[in-house]
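Each remark here refers to the structure printed beneath this line.
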2 protein chains.
Amino acid sequence: MITTKNCVIRLSRYKNALNRFKSLGFVKVFSDNLADAVGVTSSQVRKDFSIFGISGNKKGGYKVDELVEKINIILGKNEIQQVILVGAGHMGKALLKYKGFEKEGMKIVACFDVDPTKLNREAQTPILSTKEMKDFVQSRRIKVGIIAVPDAAAQAVLDQMLEAGIKGVLNFAPITLRGAEDTVVNNVNIELELENVIYYVNALGKASRANENQDFKI
Amino acid sequence: MITTKNCVIRLSRYKNALNRFKSLGFVKVFSDNLADAVGVTSSQVRKDFSIFGISGNKKGGYKVDELVEKINIILGKNEIQQVILVGAGHMGKALLKYKGFEKEGMKIVACFDVDPTKLNREAQTPILSTKEMKDFVQSRRIKVGIIAVPDAAAQAVLDQMLEAGIKGVLNFAPITLRGAEDTVVNNVNIELELENVIYYVNALGKASRANENQDFKI
DNA sequence: AGTATATTGTGAATAATATCACATTAAAAC
DNA sequence: GTTTTAATGTGATATTATTCACAATATACT
């Protein structure tokens with residue numbers, strides 16, 4: 001299965017926006033506020049809530065705390081999520097140091113690498129041999145993993161993860177991986193995201209040069 | 001403008017797959033091969049090509065080299081793309097070290113940070129003061145930038161970038177930014193991508209537990 | 001208390017995207 | 001040279017996602 005239902009992604013965005021509203025002292029918000037914060041229409045916001053069975057108050061909008069709570073439950077953030085990471089290269093190390101996951105209730109509990117020189121059992125988040133992954137994952141019933149290895153190694157790592165019982169994978173290797181029926185793989189490819197920006201910059205450039213209305217609308 | 005037309009993203013994926021096919025010695029490919037590699041249907045592949053005016057050979061498929069070339073032109077990869085980076089934290093430094101961009105014809109030519117202790121004019125990719133950004137960008141006519149700063153700083157950085165003449169931005173800060181009419185902002189939020197995986201893992205878990213067919217199809 | 005107002009919630013309408021199905025045609029087989 | 005075959009390319013169709021429009025209703029105002 002390949003991920004990406006936009007309504008789920010938007011739900012996360014709403015949650016992030018709500019946390020910002022909260023830190024600004026907001027107690028309630030309207031669909032309009034969220035729409036502006038996230039860059040969608042207010043009907044989109046309400047429709048999304050409707051899909052997930054979230055309701056607010058006619059007039060009165062939504063209570064920020066309640067709404068955050070409801071979204072967190074839907075997103076499975078009521079308990080801390082243990083996650084493993086495979087690959088202790090530049091990307092992997094940056095992810096290890098990144099504070100944002102814990103803030104959101106997701107914790108990288110171990111990192112694995114095939115390179116023996118990278119191992120470090122004593123680190124705050126231990127860096128272990130990939131050989132140990134299966135045992136580690138099974139004994140702790142970990143369900144989610146991150147791949148941050150070169151593209152050539154990615155498929156093998158995914159296979160090992162699934163073999164170990166991992167059900168969901170966030171893949172940063174620049175290759176589109178796919179899992180089995182009952183697993184999720186989310187491929188995030190940062191080169192591709194940059195390429196995408198460049199494409200639109202070029203498209204915009206062409207559009208403004210050829211000032212006439214053209215058929216390639218963005 | 002907010003990015004993401006899936007056909008453009010898929011085009012990048014096709015290109016990546018083609019490079020792998022090429023390194024395996026393939027001279028021609030069929031829409032089926034690309035479809036399998038990228039995880040879409042073959043009609044999707046052909047439809048995408050049709051949209052971008054790419055054609056192959058009835059029977060015979062597509063010549064790998066020609067196809068890569070055509071896609072590169074569409075994606076604006078015929079000349080090397082100079083990109084700036086703002087933020088020399090964990091994420092920023094990992095991006096600086098990352099080899100994947102150059103391989104794809106995209107080069108981070110400078111990094112900017114507000115923290116004076118992080119500056120390093122002599123580094124291979126210099127880390128300069130954010131104050132210098134505008135001059136740098138304007139003198140080199142740079143059009144694309146990457147934001148890798150904390151969320152609270154992101155909007156201000158975006159404003160400075162656009163002020164300097166940047167037209168396209170890849171934003172890694174966990175906040176949805178939006179640019180002006182004639183600019184592109186691509187928000188990539190890795191926390192959110194991981195959250196998304198967790199959501200589907202939970203959904204799959206529920207689906208398999210409640211074994212009966214249920215209304216939440218994925 | 002009654003009226004006006006602002007906002008939700010959602011079916012209906014529309015728009016965007018993906019799939020189907022098949023006519024077309026180049027290559028291979030005979 | 002003719003037939004068969006295996007692919008492309010694309011209109012037609014189906015599906016999915018978004019927006020519209022407005023009834024329902026809680027709150028604020030008088």
Side-chain angles (χ1 to χ4, degrees), chain A residues 1-14 17-18 21 26-64 66-67 70-71 74 176 178 196 200 203 215-218, chain B residues 1-14 17-18 21 26-64 66-67 70-71 74 176 178 196 200 203 215-218:
Chain A
M1 199 188 87
I2 294 219
T3 345
T4 296
K5 262 212 161 164
N6 288 328
C7 56
V8 180
I9 289 178
R10 283 194 303 264
L11 210 57
S12 279
R13 291 196 197 280
Y14 300 146
L18 283 165
F21 279 124
F26 281 57
V27 172
K28 63 180 187 181
V29 293
F30 303 117
S31 55
D32 258 351
N33 304 138
L34 283 168
D36 286 348
V38 171
V40 298
T41 64
S42 62
S43 14
Q44 179 81 83
V45 174
R46 296 196 303 275
K47 182 62 106 180
D48 285 338
F49 288 174
S50 169
I51 288 166
F52 288 107
I54 294 173
S55 62
N57 315 296
K58 292 265 161 66
K59 216 157 182 183
Y62 307 83
K63 297 239 179 74
V64 173
E66 284 177 18
L67 188 48
K70 283 178 189 167
I71 293 178
I74 293 166
T176 309
R178 257 157 317 143
N196 196 32
Y200 284 103
D215 47 5
F216 84 108
K217 281 263 178 45
I218 295 174
Chain B
M1 198 187 89
I2 294 218
T3 347
T4 296
K5 262 214 158 162
N6 289 328
C7 57
V8 179
I9 289 177
R10 285 194 301 266
L11 210 57
S12 280
R13 291 198 197 280
Y14 299 145
L18 283 165
F21 279 123
F26 281 57
V27 173
K28 63 180 185 181
V29 293
F30 303 118
S31 55
D32 259 351
N33 303 139
L34 284 168
D36 286 348
V38 170
V40 297
T41 64
S42 62
S43 13
Q44 179 81 84
V45 174
R46 296 196 302 276
K47 181 65 105 181
D48 285 337
F49 288 174
S50 169
I51 288 165
F52 288 108
I54 294 173
S55 62
N57 315 296
K58 290 266 158 68
K59 218 154 180 185
Y62 307 83
K63 297 239 178 74
V64 174
E66 283 177 18
L67 188 48
K70 281 178 189 167
I71 293 178
I74 292 166
T176 310
R178 255 157 318 142
N196 196 33
Y200 284 103
D215 48 6
F216 84 107
K217 282 262 177 44
I218 296 173

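Atoms considered below: every heavy atom in the structure, side chains included; atoms not considered: hydrogens, waters and symmetry mates. Small disclaimer: the values here were computed from a predicted structure and weren't measured. Order of the sequence lines sets the chain letters (A, B, ...), proteins ahead of strands, with each chain counted from 1.
- Taking for each of R46(A) and F30(B) the nucleotide of DNA chain D with the nearest heavy atom, the 5'-most of the two is the partner of F30(B).
- Computed from coordinates, the K47(A) NZ to dT10(C) P distance equals 8 Å when rounded to whole Å.
- Atom CZ of R10(B) is separated from atom P of dA16(C) by 16 Å (rounded to the nearest Å).
- Between the CG atom of N6(B) and the P atom of dT16(D) there is a distance of 15 Å, given to the nearest Å.
- Within 4.0 Å (heavy atoms only), F49(A) reaches no atom of the nucleic acid at all.
- Using a 4.5 Å heavy-atom threshold, the side chains of L34(B) and L67(B) count as touching.
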Polar atom pairs between nucleotides 26-30 of chain D and protein, under 3.5 Å, N or O only, would you list them?
unit_1	atom_1	unit_2	atom_2	d
dA26(D)	O4'	K58(A)	O	3.3
dT27(D)	O2	K59(A)	NZ	3.1

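- Within the 4.5 Å cutoff, no side-chain heavy atoms of F52(B) are placed close to those of K70(B).
- Summarising the geometry, the separation between CD1 on I51(A) and P on dT10(C) is reported as 11 Å, rounded to the nearest angstrom.
- Note on ring orientation: taking the six-membered ring where Trp is involved, the planes of F49(A) and Y14(A) are perpendicular (angle over 60°, cut-offs 30° and 60°).
- Distance CD (Q44(A)) to P (dA17(D)): 10 Å, rounded to an integer number of Å.
- Looking at heavy-atom distances under 4.0 Å, S31(B) makes contact with sugar-phosphate atoms alone, never a base.
- Within the nucleic acid shown, S43(B) comes within 4.0 Å of at least one base atom, counting heavy atoms only.
- For the pair L34(A) CG and dG9(C) P, the interatomic distance rounds to 12 Å; values are reported in whole Å.
- Of the candidate nucleotides dT19(C), dG9(C), dT8(D), dT19(C) has the atom lying nearest to any side-chain atom of T41(B).
- Between E66(B) atom CD and dT8(D) atom C1' there is a gap of 15 Å when expressed in whole angstrom units.
- Among dG9(D), dG9(C), dA18(C), the nucleotide with an atom closest to any side-chain atom of S55(B) is dG9(D).
- By the side chain to side chain contact (heavy atoms under 4.5 Å, CB included) test, S31(B) is found to be paired with S42(B), V45(B), R46(B), Y62(B), residues two or more places apart in sequence or in another chain being considered.
- Using a distance-only test at 3.5 Å, with no hydrogens or angles considered, no donor-acceptor pair links the side chain of D36(B) to the main chain of N33(B).
- Closest to the S50(A) side chain, of the nucleotides dA18(C), dT10(C), dG9(D), is dT10(C).
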